[in-house]
Visitor: 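Sharing a structure here in structure tokens format.
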2 protein chains.
Amino acid sequence: MTTIKDVAKYAEVSVATVSRVLNDRGYASAEARRRVLDAIEKLNYQPNSVARSLYHKTSGMIGLFMPDITNPFFPELARAVEDVALESGYTVVFCNTDEEEAKEKRYFDALKQKYVDGIILTASSQSASDYAQWDMPIVALDRVIGKHIPTVASDNKNGARQATIHLAERGCSFIAHLKGPAGVRPADDRAAGFEEVIEEKGLRSVVVQTNFSIKQAEKETMKLLADHPDIDGIFAASDVTAAGAMQALAQSGRSVPGDVKVIGFDGIPLCNMLVPSLTTVQQSIYQMGEKAAQLLIQQIEHGESESCEHIFPVSLIIRETT
Amino acid sequence: MTTIKDVAKYAEVSVATVSRVLNDRGYASAEARRRVLDAIEKLNYQPNSVARSLYHKTSGMIGLFMPDITNPFFPELARAVEDVALESGYTVVFCNTDEEEAKEKRYFDALKQKYVDGIILTASSQSASDYAQWDMPIVALDRVIGKHIPTVASDNKNGARQATIHLAERGCSFIAHLKGPAGVRPADDRAAGFEEVIEEKGLRSVVVQTNFSIKQAEKETMKLLADHPDIDGIFAASDVTAAGAMQALAQSGRSVPGDVKVIGFDGIPLCNMLVPSLTTVQQSIYQMGEKAAQLLIQQIEHGESESCEHIFPVSLIIRETT
DNA sequence: CTCCGATCTGTAACCGGTTACACACATAGT
DNA sequence: ACTATGTGTGTAACCGGTTACAGATCGGAG
């Protein structure tokens, strides 16, 4: 690999001059500049970013912490982050945390040692204080983790309200909510929005907890249908969960939307792949990822810790399941 | 941040001694070792990996190049790579290439400057020579790119044969193949396998090209059904493509598997979410990712360039669409 | 003609580690 | 007593950049 010394020698100047030309800082005569540029060209020189990192305590990398890329909600988010990062010259380090704080901490330590410039975090822990002491630019994505950490998320509660109201308007009178994992903020918010509307409208309801896996959703729905055969609406906490519910419904001989209406949450591509296609509450997934990356980079480059919450509106997309 | 000098001062030894204790190399008296370990503990010292990188020309990072994480085939692959990497102390840098060689090259340059240790590549270019001159440990994943580059892939041709034979055995006599993009190796291999069986059995067939997007698959299938109303079997080059076909079939009033039987390829979780659930050719996705990461790390650490192809068998998973 | 600031350039220190090498000391073998 | 050999330790060079600082040159003002 050619180094700055090689370039200096070839151009017959000092390394300082090469560095100045390279970074366009300080003085350099037209003649020197010409010779340096020529040498760089000739030797096909590319500055070593590790050496740069060492001096600047900066790496041009950002960490992306997500529970599990295998969950279909996350790839689009990751994609958006990566697109923005690339555009701004950053590189994305990819970390599946499996909702485990230990794994998160381990990654954080590793990245800190590499001078990672900042982190986008779909957090596992509830306690914002843990992250506050990380002492690094952070943006929370999808999950609110504290007032003093910039956050990008959807208006989950309102989305849940819209979904529930929609089912009610379509004539459902006994609605089940397949709730997401307890302790995961968006799941709790969606459940809260659901309960609110149920109470306002005085409807019958039942809530069961699931994780976000399709198999479990199917199983829980089967049980639900056995216990409450007269359910006529299901609000699933995610599209994947809704898909599980639909399988259970098909299996138990119920028609959708004839016997039971179903609505999901997220707006992932899956919705359009299902037959019948799934009504859902659409999140602006890509835009959220974009925004999170932009906020982080801004924070890194301008130190602005715009410590605010960016709550994205959601929109009801009515398809065939209602 | 505390540095090795701080530790040395606190422990009243030289930095060399600290380094020796840290890396367990060379001599260090029990007394010195005790003091250093104590100092590390007290000061909560963590060695700076950038400085290490600079000296060793190594970074503990591997690049993962994929066309688009948004394509549901890739997240599981990425997940597997990340799991193995983490276990071996590596960090994964994530790069969506969009099948563009320019983007690939750009990423490669950026990573090389960071002393990335190796790359797992779902290649865009056909020309293996381009990659050979990259002069870095590389493993090709999902797509064969040349004899001298270790490769992990599925037995696509055989899988396509199995799929086609299965359709024939189920009584299909006029089978359409929704082929993947031209120039993408697995797509070509699958098409070849399909053609072989068609010829052997003397069946009627038609092949149309699609990209891997669901919308386009749907559109192409509609056109196909209009041109050839008597098609009774569809072999889709991917599960997503199959989902698109199923939508078109539903839309045109045909029943699956009654009127038309459908088989996909990949074995992504989507298959189980569809109603009816999708028969497919299952790839060992996670295992492939795992193997690729293992091969790469082996190559990095032991220099073994086991330049062979690891072709994973595929298996026919029969579900409701056939 | 002198002085001043602007322009230009190179030397060397620094970022935070690793390690070659020199030196000190102990123990053992002859 | 006199090497050898094995231990233990510190100094300084090195990885490949960046930049503070000092010295040189030059044009223009006084």
Side-chain angles (χ1 to χ4, degrees), chain A residues 1-40 43-61 89 91 109-117, chain B residues 1-40 43-61 89 91 109-117:
Chain A
M1 218 176 138
T2 72
T3 74
I4 199 172
K5 278 181 201 156
D6 301 324
V7 175
K9 194 173 294 173
Y10 189 96
E12 298 182 298
V13 297
S14 72
V15 293
T17 300
V18 176
S19 182
R20 280 188 210 106
V21 171
L22 229 59
N23 302 303
D24 224 7
R25 210 188 311 284
Y27 297 109
S29 65
E31 168 65 11
R33 166 167 278 106
R34 220 207 70 245
R35 290 230 299 276
V36 168
L37 261 19
D38 183 60
I40 288 173
L43 302 178
N44 188 26
Y45 168 72
Q46 292 183 315
N48 179 319
S49 36
V50 174
R52 271 193 165 139
S53 281
L54 183 57
Y55 188 90
H56 285 125
K57 300 182 192 303
T58 265
S59 66
M61 302 192 299
T91 275
D109 286 341
L111 296 196
K112 188 164 192 172
Q113 289 173 41
K114 291 192 198 304
Y115 285 145
V116 161
D117 297 332
Chain B
M1 221 176 137
T2 71
T3 74
I4 199 172
K5 279 181 200 156
D6 301 325
V7 175
K9 194 173 294 175
Y10 189 97
E12 297 180 301
V13 296
S14 73
V15 293
T17 300
V18 177
S19 182
R20 279 187 211 107
V21 171
L22 229 59
N23 303 303
D24 225 5
R25 209 188 313 281
Y27 297 109
S29 65
E31 167 65 10
R33 165 168 277 104
R34 219 208 69 247
R35 289 230 299 275
V36 167
L37 262 20
D38 184 61
I40 287 173
L43 302 178
N44 188 28
Y45 168 71
Q46 292 183 315
N48 179 320
S49 36
V50 174
R52 270 193 166 139
S53 282
L54 183 57
Y55 188 90
H56 284 123
K57 299 181 194 303
T58 265
S59 65
M61 302 192 298
T91 276
D109 286 340
L111 296 195
K112 188 163 193 174
Q113 288 174 41
K114 291 191 197 304
Y115 285 145
V116 161
D117 297 332

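Below, chains carry the letters A, B, ... as their sequence lines are ordered, and counting in each starts from 1.
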Visitor: Take the protein atom OH of B/Tyr115 and the nucleotide atom C1' of D/dC15, then report the distance between them rounded to whole Å.
Guide: 7 Å

Visitor: Output the distance between atom CZ (B/Arg20) and atom OG (B/Ser14), rounded to the nearest 0.5 Å.
Guide: 6.0 Å

Visitor: Just how far, in rounded Å, is P of C/dT9 from CD of A/Glu12?
Guide: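 From A/Glu12 CD to C/dT9 P: 13 Å.
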
Visitor: Can a donor-acceptor pair be found, under 3.5 Å and without considering hydrogens, that links the side chain of A/Ser53 to the backbone of A/Thr58?
Guide: yes

Visitor: What are the two closest heavy atoms between A/Leu43 and A/Tyr10, and how far apart are they?
Guide: CD1-CB, 3.9 Å

Visitor: Without decimals, in angstroms, what is the distance between A/Ile4 CD1 and C/dC15 C1'?
Guide: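 Rounded to whole Å, this separation is 15 Å.
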
Visitor: Which whole-number value in Å describes the distance from A/Asn48 CG to C/dG16 P?
Guide: 17 Å

Visitor: Whole Å only: how far is the NZ atom of A/Lys9 from the P atom of C/dG10?
Guide: 14 Å

Visitor: Within a radius of less than 6.0 Å around NZ of B/Lys9, do more than 12 heavy atoms belonging to other residues, nucleotides or ligands occur?
Guide: no

Visitor: Can you find a pair of side-chain heavy atoms, one from A/Ile40 and one from A/Val36, that are under 4.5 Å apart?
Guide: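 When only atoms from C-beta onward are counted, A/Val36 and A/Ile40 do touch, with a gap below 4.5 Å.
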
Visitor: With sequence neighbours left out, write down each residue that passes side-chain hydrogen bond (donor to acceptor under 3.5 Å, both in side chains) with B/Asp24, or none if nothing qualifies.
Guide: B/Arg33

Visitor: Tell me which residues in residues 49-58 of chain A lie within less than 4.0 Å of DNA chain C, going by non-hydrogen atoms.
Guide: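 Going residue by residue through residues 49-58 of chain A, the ones with a heavy atom under 4.0 Å of DNA chain C turn out to be A/Leu54, A/Tyr55, A/Lys57.
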
Visitor: What distance do B/Asn44 atom CG and B/Met1 atom CE have between them, rounded to the nearest 0.5 Å?
Guide: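 Here the rounded value is 10.0 Å.
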
Visitor: Nearest whole angstrom, please: distance from the P of C/dT9 to the CD of A/Glu31.
Guide: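 That distance rounds to 9 Å.
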
Visitor: Using a 4.5 Å cut-off on heavy atoms from C-beta on, say whether the side chain of B/Val15 contacts that of B/Thr3.
Guide: no

Visitor: Which nucleotide in the set D/dG10, D/dA12, D/dG17 lies at the smallest distance from any side-chain heavy atom of B/Ser14?
Guide: D/dG10

Visitor: Output the single nucleotide from C/dT9, C/dT18, D/dG8 whose closest atom is nearest the side chain of A/Ser29.
Guide: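 The nucleotide sitting nearest to the side chain is C/dT9.
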
Visitor: Heavy-atom contacts under 4.0 Å between residues 19-26 of chain B and DNA chain D, which residues?
Guide: B/Arg20

Visitor: Determine the minimum heavy-atom distance between B/Ser59 and B/Val116, stating which atoms define it.
Guide: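 In terms of heavy atoms, the two residues are closest at OG-CA, 3.4 Å.
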
Visitor: Where each residue is assigned the nucleotide of DNA chain D containing its nearest heavy atom, which of B/Tyr27 and A/Thr3 is assigned the position nearer the 5′ end?
Guide: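 Upstream on the strand: B/Tyr27.
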
Visitor: Measure the CG-OG1 distance between A/Leu22 and A/Thr17 for me, rounded to the nearest 0.5 Å.
Guide: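 If I round to the nearest 0.5 Å, the distance is 11.5 Å.
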
Visitor: Five pairs per end, C1' atoms only: what is the angle between the end axes of the helix from C/dC1-D/dG30 to C/dT30-D/dA1, to 10 degrees?
Guide: 60°

Visitor: With sequence neighbours excluded, what pairs up with A/Arg34 under the side-chain hydrogen bond (donor to acceptor under 3.5 Å, both in side chains) test?
Guide: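 Here the qualifying residues are A/Glu31.
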
Visitor: Suppose we screen for side-chain hydrogen bond (donor to acceptor under 3.5 Å, both in side chains). Which residues come up paired with A/Asn48, at least two apart in sequence or across chains?
Guide: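 If we apply the side-chain hydrogen bond (donor to acceptor under 3.5 Å, both in side chains) test to A/Asn48, skipping adjacent residues, the hits are B/Tyr115.
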
Visitor: Write down the distance between CD (A/Gln46) and P (D/dG16), rounded to a whole number of angstrom.
Guide: 14 Å

Visitor: Is the shortest side-chain N/O distance from B/Thr17 to OP1 or OP2 of D/dG10 below 4.0 Å?
Guide: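 Looking at the OP1 and OP2 atoms of D/dG10, one of them is under 4.0 Å from a side-chain N or O of B/Thr17.
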
Visitor: Nearest whole Å is fine: how far is C/dT7 C1' from A/Arg33 CZ?
Guide: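 In whole Å, C/dT7 C1' lies 13 Å from A/Arg33 CZ.
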
